[in-house]
Number of protein chains: 2
Amino acid sequence: MSEPETDPEILLRDFLGYHLKRAYVTVHADFRDIMGDAGLSTRVFSALAMVVGQQGITQSELARALGVERSGMVALIDELESADLIRRDPVPGDRRVQALQPTGRGIARFDALVALVRAHEARCFAGLDDTEKDTLLRLLHKVRAGGNST
Amino acid sequence: MSEPETDPEILLRDFLGYHLKRAYVTVHADFRDIMGDAGLSTRVFSALAMVVGQQGITQSELARALGVERSGMVALIDELESADLIRRDPVPGDRRVQALQPTGRGIARFDALVALVRAHEARCFAGLDDTEKDTLLRLLHKVRAGGNST
DNA sequence: TGTAACTGTTATGTAGCTAAACAATCTGAT
DNA sequence: ATCAGATTGTTTAGCTACATAACAGTTACA
């Protein structure tokens, strides 16, 4: 009862989940800002990054890696494909799946975007030194590992 | 090039923002799980917590405290009011604003929910000891303070 | 050979916001 | 005392980012 009015987050303060969300919202908004209208959304960028990093990955594999449903990937892949950033290649031996391959444009675009995203991250986490960034990364990873594994 | 296929998050791994989102999604999903169908969503719970913690807060003040637009609060407050958890009280001296007051039911409901949320947090952050939780809280707060102040 | 599992896809729905406009109300400078 | 500008709650419309359920085609395997 010492300072009843100063902090509006009196009861919420103790909840890590609340602060996790607020931090996420802040960072996500900055991502959108720095990308501008021509950029990709976080989810599309993540998918492109995954395809570039693991060429030939399947849509289902990609969905699992990103922790979303398969159905949610379709429109996302459509978007990347119609922008000529990735291709759906048939896989000999399994006519169900389609291997996702980045195009030359896709890789070039990704490299250009990475520079933007690095600038975004530098700005968002400017208040943290390198040790703190490592710590945050480690703790976030622990949170994900400790909960359900999706 | 040492291990090309083992980690699907080859390129994404370096981005703190990505891991922040994944951790948030994990925690948020657990919140929904533990609340069940009868529970409140995170946003409504947060609003209720804020009203309980700072009784008489205005809708605009609440929106600012939660970092959302005023327009987004209306339906949320409607929901809490129609569930008889909070009231909109007129404020003498300013007929524009409405002071938000928790009802008795609202406070009781909040207290009950807090127990659930504490259990949820205990489960989500079970992999972290108390020091790590404090560190995570401090770093998340720094992230929010370092970016734009919403 | 038949059944179960998996793939990509579609359709539909929902949560959780934002942006823009509005009337009512308040503030403050002149 | 008045009038421009700001603020409040609200409505409407729209958007993003998902999830769920069903489906036909394909594969694996007992």
Side-chain angles (χ1 to χ4, degrees), chain A residues 17-18 21-22 24-33 35 37 39-47 51 56-82 86-100 148 150, chain B residues 17-18 21-22 24-33 35 37 39-47 51 56-82 86-100 148 150:
Chain A
Y18 174 74
K21 175 174 186 173
R22 293 299 300 266
Y24 159 67
V25 169
T26 298
V27 171
H28 191 257
D30 188 85
F31 186 98
R32 292 174 60 87
D33 282 354
M35 279 297 196
D37 294 339
L40 304 181
S41 63
T42 52
R43 56 201 298 266
V44 177
F45 173 79
S46 296
V51 172
I57 192 174
T58 286
Q59 263 178 245
S60 288
E61 290 168 349
L62 182 56
R64 278 190 291 268
L66 293 174
V68 299
E69 288 297 316
R70 273 176 299 140
S71 59
M73 301 302 308
V74 180
L76 194 154
I77 299 298
D78 285 350
E79 185 178 335
L80 284 169
E81 193 179 34
S82 66
I86 70 171
R87 283 193 322 267
R88 285 173 162 110
D89 281 354
V91 171
D94 193 339
R95 278 175 298 183
R96 291 172 301 180
V97 306
Q98 295 171 172
L100 302 175
N148 53 24
T150 56
Chain B
Y18 174 73
K21 175 175 185 171
R22 293 298 300 267
Y24 159 68
V25 169
T26 298
V27 171
H28 191 258
D30 188 84
F31 186 97
R32 291 174 61 88
D33 282 354
M35 278 297 197
D37 293 338
L40 303 181
S41 62
T42 52
R43 55 200 301 265
V44 177
F45 174 78
S46 297
V51 171
I57 192 174
T58 286
Q59 263 179 246
S60 289
E61 290 168 349
L62 182 57
R64 278 189 292 268
L66 293 174
V68 298
E69 289 296 316
R70 271 177 300 141
S71 58
M73 301 302 307
V74 179
L76 194 154
I77 300 297
D78 286 350
E79 186 179 335
L80 283 168
E81 192 179 36
S82 67
I86 70 171
R87 282 193 323 266
R88 286 172 161 110
D89 281 354
V91 171
D94 193 340
R95 278 174 297 180
R96 292 173 302 180
V97 305
Q98 296 171 172
L100 302 176
N148 53 23
T150 59

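Computed from a predicted model, the values in this text were never measured in an experiment. Lettering of chains follows the sequences in order, A, B, ..., and the numbering in each one begins at 1. Side-chain atoms are counted along with the backbone in the values below, which use heavy atoms only and exclude waters and symmetry mates.
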> I'd like to know if B/R96 reaches the base of D/dT7 with its side chain, counting only an N/O donor and acceptor under 3.5 Å.
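Between D/dT7 and B/R96, which were checked side chain against base, a qualifying N/O pair under 3.5 Å is present.
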
> Determine whether A/I77 and A/Q98 make a side-chain contact, defined as any pair of heavy atoms from C-beta on separated by less than 4.5 Å.
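SC-SC contact between A/I77 and A/Q98 ruled out.
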
> Does some side-chain heavy atom of B/D78 sit less than 4.5 Å from a side-chain heavy atom of B/R88?
yes

> Which atom pair, heavy atoms only, marks the closest approach of A/L40 to A/F31?
O-CE2, 3.4 Å

> Once you measure the plane-to-plane angle for B/Y24 and B/H28, does it fall in the parallel (<30°), tilted (30-60°) or perpendicular (>60°) bin?
tilted

> D/dA22, OP1 or OP2 - any side-chain N/O from A/R70 closer than 4.0 Å?
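Indeed not, no polar side-chain atom of A/R70 lies that close.
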
> Given that A/E69 and B/V97 both sit by DNA chain D, which one's nearest nucleotide is further toward the 5' end?
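Its nearest nucleotide being more 5', the pick is B/V97.
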
> Between A/R95 and D/dG25, is there a contact of a side-chain N or O with OP1 or OP2 at under 4.0 Å?
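For D/dG25, OP1/OP2 do not have a side-chain N/O of A/R95 under 4.0 Å.
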
> According to a strict under-4.0 Å criterion, is B/Q59 in side-chain N/O contact with OP1 or OP2 of D/dT7?
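Looking at the OP1 and OP2 atoms of D/dT7, neither is under 4.0 Å from any side-chain N or O of B/Q59.
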
> Are any non-hydrogen side-chain atoms of B/L66 and B/M73 less than 4.5 angstrom apart?
yes

> Does A/R43 place a side-chain N or O at less than 4.0 Å from the phosphate oxygens OP1/OP2 of D/dC18?
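The answer is yes; a side-chain N or O of A/R43 sits under 4.0 Å from OP1 or OP2.
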
> Quiz question: going by heavy-atom distance under 3.5 Å, is there a donor-acceptor pair between the base of D/dT12 and the side chain of B/S71?
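There is none.
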
> Distance check: side-chain N/O of B/S60 vs OP1/OP2 of D/dG9, anything under 4.0 Å?
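So the side chain of B/S60 is within the cut-off, an N or O lying under 4.0 Å from OP1 or OP2 of D/dG9.
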
> Can you give me the first and the last nucleotide of DNA chain C (5' to 3') that has an atom within less than 4.0 angstrom of a non-hydrogen atom in chain A?
C/dC6 to C/dC17

> Hey, does A/Q59 have a side-chain heavy atom less than 4.5 Å from the side chain of A/R70?
no

